[in-house]
Undergrad: 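What follows is a structure written as structure tokens; I'll ask about it next.
Atom set for the values below is all heavy atoms of this structure, side chains included, hydrogens, waters and symmetry mates excluded. All residue numbers refer to positions in the sequence shown, counting from 1.
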Amino acid sequence: MRVAIRVKPGASRTRVGGAYGGALVVAVSARAVDGAATEAALAAVADAFGVRRRHVDLVTGATSRDKVVELDDTALDDGPARLAELRDG
């Protein structure tokens, strides 16, 4: 399952939830330096969906706040329902 995310680096705490233009908002405390915020965002998405980090891959947006990630469908229980919960905040 592919999910569009909007990363907010430098947040006071890591949080996954809400929507920004149709993308899932992922706030991370890591700064956007040397890919630290991207890696933190991928880990946060994995945690929010209840899968291991290795089941989440970056598809596009390595240096952008807007990214697309791929979640391994075999590891997800009910991905679309969980996505809807997270977007609602």
Undergrad: Donor-acceptor pairs under 3.5 angstrom involving side-chain atoms of residues 27-38: please list them, not counting sequence neighbours.
TA:
from: Thr38; atom 1: OG1; to: Ala62; atom 2: O; distance (Å): 3.3
from: Thr38; atom 1: OG1; to: Lys67; atom 2: NZ; distance (Å): 3.1

Undergrad: Step through the shown structure and confirm whether more than 12 heavy atoms of other residues, nucleotides or ligands are within 6.0 Å of CG on Asp73.
TA: yes
Undergrad: Do Leu58 and Leu76 sit in the same hydrophobic cluster, where Ile, Leu, Val, Met, Phe, Trp and Tyr count as joined when their side-chain heavy atoms come under 4.5 Å apart?
TA: yes
Undergrad: Once you round to the nearest 0.5 Å, how far does CD of Glu70 lie from CG of Leu42?
TA: 12.5 Å
Undergrad: With the 4.5 Å side-chain cut-off for hydrophobic clustering, are Val25 and Met1 part of the same group?
TA: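 The answer is no; the residues belong to distinct hydrophobic clusters.
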Undergrad: Only distances under 3.5 Å count here; give the side-chain donor-acceptor pairs of residues 5-12 to other protein atoms, sequence neighbours excluded, each with its distance to 0.1 Å.
TA:
from: Arg6; atom 1: NH1; to: Asp66; atom 2: OD1; distance (Å): 3.1
from: Arg6; atom 1: NH1; to: Asp66; atom 2: OD2; distance (Å): 3.0

Undergrad: Identify which one of Val69, Asp77, Leu83 satisfies the side-chain contact (heavy atoms from CB on, under 4.5 Å) criterion when paired with Phe49.
TA: Leu83
Undergrad: Over all heavy atoms of both residues, which pair between Leu24 and Arg87 is shortest? Give the atoms and the distance, please.
TA: CD1-N, 4.0 Å
Undergrad: Give me the one residue out of Asp47, Val3, Asp72, Leu71 that meets side-chain contact (heavy atoms from CB on, under 4.5 Å) with Val56.
TA: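 Option passing the side-chain contact (heavy atoms from CB on, under 4.5 Å) with Val56: Leu71.
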Undergrad: Within a radius of less than 6.0 Å around CZ of Arg52, do more than 12 heavy atoms belonging to other residues, nucleotides or ligands occur?
TA: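 Open: at most 12 neighbouring heavy atoms sit under 6.0 Å from CZ of Arg52.
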Undergrad: Please check: side-chain N/O of Arg82 versus main-chain N/O of Ala48, any donor-acceptor pairing under 3.5 Å?
TA: yes
